[in-house]
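The structure appears right after this line, and notes come after that.
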Amino acid sequence: QVQLVESGGGLVQPGGSLRLSCAVSGSILSVHSMSWYCPAPGKQRELVAVITNGGGTNYVASVKSRFTIPRDNAKNTVYLQMNSLKPEDTAVYYCNARIRSITNTRIDDYWGQGTQVTVSS
């Protein structure tokens with residue numbers, strides 16, 4: 001079974017930094033993309049950052065100058081490096097991966113359990 005395990009959340013003061021991790025394990029044939037989502041005001045979920053299998057990245061405008069989404073292919077892990085954090089960044093962040101597994105013929109979405117980020121004085 002494919003599993004996504006998140007870590008790295010916590011409490012940080014405004015202006016501080018956190019690095020979230022999302023480690024993927026299981027019977028994986030290929031990973032097409034990995035991304036981070038969070039709830040947005042009045043919305044169910046918002047894409048924060050994504051990295052494709054080719055290494056291309058995209059970010060929501062509000063975090064583009066502050067967050068990055070590095071990847072370690074050897075560890076099958078994606079990160080969300082969060083700098084200059086603001087109180088409005090407070091949310092549960094969810095890791096997503098589009099994966100073709102050994103047992104599936106199609107590309108499916110898999111989700112991590114979520115990790116809480118709280119930005120507060």
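The residues of the chain are indexed from 1 along the displayed sequence. Only a predicted model underlies this, so the values are computations on that prediction, with no experimental measurement involved.
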Could you note down all residue pairs passing salt bridge (charged side-chain N to carboxylate O under 4.0 Å, His left out) where residues 109-121 supplies at least one of them, sequence neighbours left out? Arg98-Asp109
Which pairs count as disulfide bond (SG atoms under 2.5 Å apart) when at least one residue sits in residues 53-87, sequence neighbours excluded? none
side-chain hydrogen bond (donor to acceptor under 3.5 Å, both in side chains) between Asp72 and Thr77, worked out: CA-CA 5 Å; Asp72 187 335; Thr77 299; over 6 Å; no
Which residue pairs satisfy the ring pair (Phe, Tyr, Trp, His ring centres under 6.0 Å) criterion with at least one member in residues 100-121, sequence neighbours excluded? Tyr37-Trp111
State yes or no: do Leu20 and Val50 share one hydrophobic cluster built from I, L, V, M, F, W and Y residues joined by side-chain heavy-atom distances below 4.5 Å, directly or via other members? no
Can you name the one residue among Leu11, Val119, Val117, Thr115 that meets side-chain contact (heavy atoms from CB on, under 4.5 Å) with Leu18? Val117
Linking I/L/V/M/F/W/Y whenever any side-chain heavy atoms sit under 4.5 Å apart, do Tyr94 and Leu85 land together? no
Partners of Arg71 by salt bridge (Lys or Arg N to Asp or Glu O under 4.0 Å), sequence neighbours excluded? none
Side-chain touch Val48/Cys38, heavy atoms, less than 4.5 angstrom: yes
Taking C-beta and beyond as the side chain, do Val78 and Trp36 meet within less than 4.5 Å on heavy atoms? yes
Within a strict 4.5 Å, meaning less than it, do heavy atoms of the Pro14 and Pro87 side chains meet? yes
Sequence-distant partners of Thr118, side chain to side chain donor-acceptor pair (under 3.5 Å), two or more places apart: Gln116
Report the C-alpha separation of Ser30 and Arg100 in whole Å, then their side-chain angles, then the decisive distance to 0.1 Å, and conclude whether the side chain to side chain contact (heavy atoms under 4.5 Å, CB included) test is met. CA-CA 5 Å; Ser30 60; Arg100 178 179 282 113; 3.6 Å; yes
To the nearest 0.5 Å, how far apart are CD1 in Ile69 and OG1 in Thr57? 8.0 Å
How many angstroms lie between atom OG of Ser33 and atom CD1 of Ile51, to the nearest 0.5 angstrom? 10.0 Å
Taking only residues at least two apart or on different chains, which pairs with a member in residues 1-10 satisfy side chain to side chain donor-acceptor pair (under 3.5 Å)? none
Under the ring pair (Phe, Tyr, Trp, His ring centres under 6.0 Å) rule, what pairs show up with a residue in residues 53-79, not counting sequence neighbours? none
Closest non-hydrogen contact found for Ser101 with Val2 is CB-CG2, 3.9 Å
Apply salt bridge (Lys or Arg N to Asp or Glu O under 4.0 Å) to Asp108 and list each qualifying residue two or more places apart in sequence or on a separate chain. Arg106
Considering only residues two or more places apart or on different chains, which pairs with a residue in residues 21-33 satisfy salt bridge (charged side-chain N to carboxylate O under 4.0 Å, His left out)? none
Taking salt bridge (charged side-chain N to carboxylate O under 4.0 Å, His left out) as the cut-off, I'd like each qualifying pair that reaches into residues 61-70, sequence neighbours left out, listed once. Arg66-Asp89
Mind checking what makes side chain to side chain donor-acceptor pair (under 3.5 Å) contact with Thr90, not counting sequence neighbours? none
Could you tell me if the side chain of Leu47 sits less than 4.5 Å from the side chain of Ser35, heavy atoms only? yes
With rounding to the nearest 0.5 Å, note down the distance linking CG in Leu80 to OG in Ser21. 9.5 Å
With rounding to the nearest 0.5 angstrom, report the CE to CD1 distance, Met34 to Ile99. 6.5 Å
Could you give all pairs that pass the disulfide bond (SG atoms under 2.5 Å apart) test and reach residues 74-121, with sequence neighbours left out? Cys22-Cys95
Can you get from Val31 to Ile107 by hopping between Ile, Leu, Val, Met, Phe, Trp and Tyr side chains that sit under 4.5 Å apart? no
